[in-house]
Amino acid sequence: MIFCAHLQMSFSGPFKSVVQGNLFQWLVVLHVALVVMASGGQAKERVLTVYFAGTGMTWNDYIPLSCPWNSPELLASLYTHHDRSKAIEHDSFQPQNGSWPPLSVEHTDVTHFKYFINGPGTSNDTLMKGSESRLSNLVSLLGSIEPDLGTRTWSTIDAEAMGGLDMVISAFPGDDITLNMLGFSRGGVSAMRMAHLAAMYPSVKHINILCFDPVPGGLDPVAKHGPYFVLPQKVQQYVGLYAEDERTYQFEPVIPKCLNNSTTLLLLRMPGSHETMMGNLQMLGHSAGLNLSSVLKEVPEYRVVSQLAFVIVQRLVNSKPWGNVSLADGGSVFVTTSVDTREKFALLSKDALNVLDSPAPFPWSNYQDAIRQTSFLGTLFGGRDVIYTLLEKGHELRVATPLSGDKRFVFWGDERRPFGEWVRGYGYPGGFVFNSEVVYWLNDLTSRINGTTWDMLERFRGDE
């Protein structure tokens, strides 16, 4: 567990607003309207949990034949099978702006709501495609340094997510809201973006974020918006689960900083690839572009990794700081035997680690090695600047390499530079380095999941 006060001791710099121009004016007008609408009386507590899908992923991915990796995806399964909150329904798809607008929320005695946001690069026909066609679409999105997200972009997702929040506020003016956000891949980055927009609303009292490997992508515009990766004060808890064996070049994730010590962070390393903790059982942990049957061989034992991720979700959202969101146990493959003690959690963690350490088919020694030495088709591995290492710098420079690096890199907060800069020095006297993005070792900033993780989760729950 990391307290943000510690982060601020190492990193400083002004925090700039991420909301500009027309968007800011729209939010001010909306806020004034909501204040006018607010009624008197004692405020009640409402809880909204927003699920942000990853690139090319949708709410249908709890269905094996719909999911690009032919196995249920965790986030969609959580929303459909487990979260007992009342769903905010969507209107029909609007192709002109790439969104499924939220429908109005009735004023009832319901206190808990849930809302699902399809990922970047999805569209109406995405929901009608078979897994083979969706896999082809996913290849184009993930196997490109600068993917074409179509009308389903960062700003579209921002507006749709904030629309869901607006519906709750409009239905219950004057009530206090706890906002929970769960996001996978680019969906994790969207959760950080929404945190800044939602923090401006007086009715939003607390924000909690759970990110599964939040990855901004290669040349996405978000790379220029570093302040999004500095969490606002209303974020009370940030939990990040990071895949320790991923090596794909443009899949370095983000670890956020925060403004002050009002926020606590729990940063954990999970075994497997970018997709393993979300339910991908394919041997190499990647579906995109790898279409050989021998390569796509499934390892059913991988399921224990996503079951471990499910237990973490369960311990967090069904706690007082997260608004006591009720989760059902039945209905999906992610539920294992009841894990309600430190001893059971330690055994499950050990099983997850042991699966990846198991011997794998030639030419790999084990499954971790198999995942680390492969990547999404058309991409490179993330490597380190050797000279930078020899100078014993505290961090690394991110470079593309045809060979897999020995550890995974992460971006830290607002330090990510735009792609394509020439930066002077860094161990090259009188020279420049192209695209020298500052990155850090994932192992140095996170804890590998084990039995002690249970104690950290209990502290986040407020049980200790």
Side-chain angles (χ1 to χ4, degrees), residues 4 18-19 23 26-27 30-31 34-35 38 43-53 75 78-79 82-90 102 104-105 110-117 154 157-184 187-212 214 227-240 256 258-260 262-266 313 316-327 460-462:
C4 284
V18 298
V19 182
L23 178 58
W26 175 81
L27 285 171
L30 177 62
H31 167 57
L34 292 172
V35 170
K44 295 182 179 179
E45 294 184 1
R46 309 284 172 177
V47 179
L48 172 62
T49 303
V50 181
Y51 296 80
F52 290 94
L75 212 61
L78 280 166
Y79 175 83
H82 301 285
D83 191 338
R84 290 192 173 109
S85 305
K86 180 177 176 57
I88 297 177
E89 303 295 340
H90 296 81
S104 298
V105 174
V110 173
T111 58
H112 288 68
F113 297 87
K114 62 181 180 180
Y115 189 46
F116 198 97
I117 307 292
W154 294 106
I157 290 171
D158 290 345
E160 189 173 311
M162 291 301 293
L165 176 60
D166 291 337
M167 292 302 179
V168 176
I169 294 176
S170 297
F172 308 102
D175 285 1
D176 296 338
I177 296 175
T178 292
L179 174 63
N180 302 323
M181 292 180 285
L182 286 73
F184 165 53
V189 174
S190 290
M192 298 183 205
R193 292 167 63 95
M194 185 180 181
H196 286 275
L197 300 176
M200 300 178 64
Y201 286 25
S203 57
V204 175
K205 302 301 181 182
H206 302 290
I207 299 174
N208 301 297
I209 303 175
L210 172 56
C211 285
F212 302 88
Y228 281 118
F229 304 137
V230 181
L231 301 176
Q233 184 175 350
K234 284 187 179 179
V235 177
Q236 61 179 351
Q237 293 186 6
Y238 172 89
V239 179
C258 31
L259 286 178
N260 53 42
S262 65
T263 305
T264 52
L265 285 81
L266 179 57
V313 174
L316 289 170
V317 303
N318 188 20
S319 68
K320 184 176 180 180
W322 290 63
N324 296 309
V325 178
S326 178
L327 293 184
F460 266 62
R461 286 177 56 87

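We use all heavy atoms of the structure for the numbers below, so side chains are in, but hydrogens, waters and symmetry mates are not.
More than 12 heavy-atom neighbours from other residues, nucleotides or ligands sit within 6.0 angstrom of CD on Gln236.
When all heavy atoms of Gly183 and Leu75 are compared, the pair lying nearest together is CA-CD2, 4.4 Å. Contact detail for Met181 and Ala191: the closest heavy-atom pair is CE-O, 3.3 Å. Considering all non-hydrogen atoms of both residues, Ile209 and Ala195 come closest at CD1-CB, 4.0 Å. Closest approach of Pro102 to Gly164, counting heavy atoms only: CG-N, 3.6 Å. The minimum heavy-atom distance linking Leu179 with Ala198 is given by the pair CD2-CB, 3.5 Å. The two atoms that bring Ser203 and Ile169 nearest to each other are OG-CD1, 3.5 Å, heavy atoms only.
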Before you tell me yes or no, could you show the steps for Asn324 and Val47 under side-chain contact (heavy atoms from CB on, under 4.5 Å), namely the whole-Å CA-CA distance, both residues' side-chain angles and the distance that decides it to 0.1 Å?
CA-CA 9 Å; Asn324 296 309; Val47 179; over 6 Å; no
Test side-chain contact (heavy atoms from CB on, under 4.5 Å) applied to Cys258 and Leu265, step by step
CA-CA 9 Å; Cys258 31; Leu265 285 81; 3.4 Å; yes
Would you sort out whether Val317 and Thr49 count as a side-chain contact (heavy atoms from CB on, under 4.5 Å), showing the intermediate values?
CA-CA 9 Å; Val317 303; Thr49 303; 5.7 Å; no
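The main-chain N or O of Thr111 is never found under 3.5 Å from a side-chain atom of Lys44 such that the two would form a donor-acceptor pair. Distance alone, capped at 3.5 Å, places no donor-acceptor pair between the Arg461 side chain and the Trp322 backbone. Judged by distance alone, the side chain of Lys86 and the main-chain N or O of Val110 form no donor-acceptor pair under 3.5 Å. A distance-only check finds a donor-acceptor pair linking the side chain of Ser262 to the backbone of Gln233 [under 3.5 Å]. Gln237 places no side-chain N or O within donor-acceptor distance of the main-chain N or O of Pro321, the cut-off being under 3.5 Å. Of the possible polar contacts, none joining the His112 side chain to the Asp83 backbone as a donor-acceptor pair under 3.5 Å is found. Judged purely by atom type and a 3.5 angstrom limit, His206 has no side-chain atom pairing as donor or acceptor with the backbone of Asp176. No donor-acceptor pair closer than 3.5 Å links the side chain of Lys234 to the backbone N or O of Ile207.
The shortest distance between side-chain heavy atoms of Met192 and Cys211 falls below 4.5 Å. At a threshold of 4.5 Å between non-hydrogen side-chain atoms, the residues Asn208 and Leu316 do not count as touching. Within the 4.5 Å cutoff, the side chain of Leu48 has heavy atoms near those of the Tyr115 side chain. The closest side-chain heavy-atom distance from Tyr238 to Pro256 is below 4.5 Å. Side-chain atoms of Tyr79 and Leu182, non-hydrogen and from C-beta on, never get closer than 4.5 Å to each other. Using a 4.5 Å cut-off on side-chain heavy atoms (C-beta onward), Ser85 and Val325 make contact. Looking only at side-chain heavy atoms (C-beta outward), Tyr228 and Trp154 stay at 4.5 Å or farther from each other. The shortest side-chain heavy-atom distance between Phe52 and Met194 falls under the 4.5 Å cut-off.
Taking CD1 from Ile117 and NE2 from His90, the interatomic distance works out to 5.0 Å, rounded to the nearest 0.5 Å. For the atom pair CZ (Phe229) and CZ (Arg193), the distance works out to 8.0 Å, reported to the nearest 0.5 Å. Rounding to the nearest 0.5 angstrom, the gap separating the CZ atom in Phe460 from the CG atom in Leu266 is 4.5 Å. The line from CG of Asn318 to NE2 of His82 is 13.5 Å long, rounded to the nearest 0.5 Å. In this structure, CG in Asn180 is found 9.5 Å from CG in Leu210, a value given to the nearest 0.5 Å. Note that CG of Leu165 and CG of Leu197 are 9.5 Å apart. Values are rounded to the nearest 0.5 Å.
Residues passing the ring pair (Phe, Tyr, Trp, His ring centres under 6.0 Å) test with Phe184 are His274, sequence neighbours excluded.
Tyr51 does not carry Lys114 over the face of its six-membered ring by the limits of under 6.0 Å from the centre and within 45° of the normal.
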